[in-house]
Amino acid sequence: MADTGTPQALRHLWASPALFVLGAFVAFNVVGSREAGWALMAGGLSGPVVALGWQAVRRERPETAFAVVPLALLALMTVLFAIDEGLPGAGAGGS
């Protein structure tokens, strides 16, 4: 496996949205808390925002895969959760 020179901590920040999506899934479907689920989905942006800030300070450009994959995952799951659970503040599951 080739080393791209990206620090391991930075890779973890880019990968963190997957954990937030998993937590939101559990909050929506196991616990039944829409508020907690949407809070976790919003929190999923924290890792990529910190990673972008880190790379901006170091004047580096993020690799495309590191930026596109986690943000696309958040966007896709936000749409799917919104279809299933309804948007925050829109009432409980559309009823």
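The shown structure was predicted, so the numbers you read here are calculated from the model rather than taken from an experiment.
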ILVMFWY network linking [X] to [Y], side-chain heavy atoms under 4.5 angstrom:
X     : Y     : value
Val68 : Val50 : no
Leu73 : Phe20 : no
Phe25 : Leu71 : yes
Leu19 : Val21 : no

For the residue pair [X] and [Y], establish whether any side-chain heavy-atom pair is separated by less than 4.5 Å.
X     : Y     : value
Ser33 : Phe28 : no
Val79 : Ile83 : yes
Thr64 : Val69 : no
Leu22 : Leu40 : no

Nearest heavy-atom pair of [X] and [Y]: which atoms, and what distance?
X     : Y     : answer
Leu87 : Ala82 : CD2-CB, 3.5 Å
Gly44 : Pro48 : O-CD, 3.3 Å
Glu60 : Arg58 : OE2-NH2, 2.9 Å
Gly86 : Arg34 : O-NH2, 3.1 Å
Trp14 : Ala67 : CZ3-CA, 3.7 Å

Practice prompt. Measure the acute angle between the ring planes of Trp38 and Phe81, then classify it against the limits of 30° and 60° as parallel, tilted or perpendicular.
Written response: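 Taking Phe81 first and then Trp38, their aromatic rings stand perpendicular (interplane angle over 60°).
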Worksheet entry | Separation of Glu85 CD from Met41 CE (nearest 0.5 Å) |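 If I round to the nearest 0.5 Å, the distance is 11.5 Å.
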Discussion item. Taking transitive links into account, so neighbours of neighbours count too, which hydrophobic residues share a cluster with Val57 at under 4.5 Å side-chain distance?
Written reply: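 Under the 4.5 Å side-chain rule, Val57 groups with nothing.
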